[in-house]
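Each remark here refers to the structure printed beneath this line.
Counting starts at 1 for both ligands and their atoms, in listed order. Below, each value reflects all heavy atoms present in this structure, side chains not excepted, and no hydrogens, waters or symmetry copies. Just so we're clear, the structure is a prediction, and the values are computed from it rather than from any experiment.
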Amino acid sequence: MKVRIHAYLPHSRANGPGLRAVLWFQGCTLNCPGCFNPAAQALDGGEEREVDSILAALATVKDIEGVTFSGGEPFQQPEALLELSRSVQALGRGVVAFSGYTQNVLCRQPLGASILKHIDTLIAGPYDDACRNPRGLIGSSNQRIHHFSSRYAHLDFSTLPNREAIIQPDGSIVLTGINPIPTEKLDRNTLIKKT
Ligand code: SF4
């Protein structure tokens with residue numbers, strides 16, 4: 001099975017509780033007003049990978065608490081998301097997922113309820129620039145956090161940093177988080193990868 005991805009980070013502290021790997025899915029048709037990750041919208045962008053190769057990479061990252069699935073829209077690749085979330089939980093790790101759909105809409109999707117059984121916490125709802133209010137993992141105040149297990153609690157999310165800059169071995173900087181550092185504030189010669 002294949003999955004189209006936008007980016008992958010083995011270690012992040014701004015995309016969920018504790019140290020986590022993050023997988024950004026590529027492709028989203030929701031067109032949220034003021035989408036904060038437009039580069040992840042194109043359905044033919046990013047790169048196609050085998051789900052098994054992603055799982056193999058995740059299995060080698062020993063020190064993480066869990067994995068966060070972001071995007072793009074993870075639920076628009078439901079078969080891959082189900083396989084990934086089920087396998088990550090089987091490894092004993094926590095699963096956090098973002099979606100531009102509300103929980104009610106997800107439950108009506110063919111694989112929605114099955115996927116949610118393998119997600120510990122869901123950040124749900126379309127991003128709306130008109131009610132932008134970055135805090136924890138919430139980007140706009142209409143979005144909701146749903147816990148489907150006791151693994152995480154609201155406090156775990158309210159204390160998260162909302163931005164992060166990771167310097168890579170090649171000198172490039174990955175900017176991430178719900179309220180990333182504006183790129184114009186960085187040196188123009190810096191190679192920037194914004195997720
Ligand atoms: S769900 Fe995310 S990627 Fe899709 S349009 Fe909304 S903000 Fe952008």
Side-chain angles (χ1 to χ4, degrees), residues 2-9 12 14-17 20-49 51 54 66-82 84-85 88 95-116 118-148 157 160-164 166 174-184 192-195:
K2 293 187 185 299
V3 60
R4 186 167 285 277
I5 69 164
H6 174 66
Y8 167 71
L9 259 185
S12 167
N15 285 277
R20 315 182 68 78
V22 191
L23 184 70
W24 284 267
F25 283 56
Q26 177 71 36
C28 179
T29 59
L30 293 180
N31 251 325
C32 297
C35 168
F36 59 84
N37 204 358
Q41 284 191 12
L43 299 178
D44 57 356
E47 63 170 321
E48 209 170 47
R49 295 271 301 271
V51 166
I54 304 271
V67 179
T68 294
F69 298 119
S70 186
E73 176 49 57
F75 286 79
Q76 288 185 355
Q77 298 186 67
E79 291 85 4
L81 180 59
L82 177 58
L84 284 161
S85 53
V88 167
V95 176
V96 171
F98 285 88
S99 178
Y101 296 109
T102 63
Q103 181 193 0
N104 285 343
V105 171
L106 290 177
C107 286
R108 292 198 297 271
Q109 292 184 350
L111 289 179
S114 302
I115 296 169
L116 294 181
H118 297 287
I119 286 176
D120 294 290
T121 297
L122 173 76
I123 292 82
Y127 173 71
D128 185 349
D129 211 27
C131 48
R132 176 178 169 76
N133 182 21
R135 64 199 154 84
L137 290 191
I138 294 285
S140 57
S141 55
N142 60 304
Q143 296 174 315
R144 295 288 176 265
I145 298 179
H146 303 280
H147 300 291
F148 300 117
F157 290 82
L160 290 178
N162 62 14
R163 56 178 56 167
E164 183 178 41
I166 301 167
V174 174
L175 301 177
T176 181
I178 207 74
N179 189 27
I181 301 166
T183 51
E184 58 271 20
I192 296 165
K193 299 174 184 170
K194 187 166 171 295
T195 56

Test item: Gln26 side-chain N/O and Ala39 main-chain N/O as donor-acceptor pair under 3.5 Å
yes
Under 2.8 Å from atom 8 (Fe) of ligand 1 - protein N/O/S, by chain and number:
Cys35 SG
Could you pull out all residues at least two apart from Leu160 that satisfy side-chain contact (heavy atoms from CB on, under 4.5 Å)?
Leu137, Phe157
Are any non-hydrogen side-chain atoms of Phe69 and Ile119 less than 4.5 angstrom apart?
no
Can you find a pair of side-chain heavy atoms, one from Glu164 and one from Ser12, that are under 4.5 Å apart?
yes
What residues, two or more places apart in sequence or in another chain, satisfy side-chain hydrogen bond (donor to acceptor under 3.5 Å, both in side chains) together with Arg132?
Tyr127, Asn179
Output a table of donor-acceptor pairs, distance under 3.5 Å, between side-chain atoms of residues 95-103 and any protein atom two or more places apart or on a different chain; print 'none' if there are none.
residue : atom : partner : partner atom : Å
Ser99   : OG   : Glu73   : OE1          : 3.4
Ser99   : OG   : Glu73   : OE2          : 3.0
Ser99   : OG   : Tyr101  : N            : 3.0
Tyr101  : OH   : Gln76   : NE2          : 2.9
Thr102  : OG1  : Val105  : N            : 3.3
Gln103  : OE1  : His146  : ND1          : 3.1

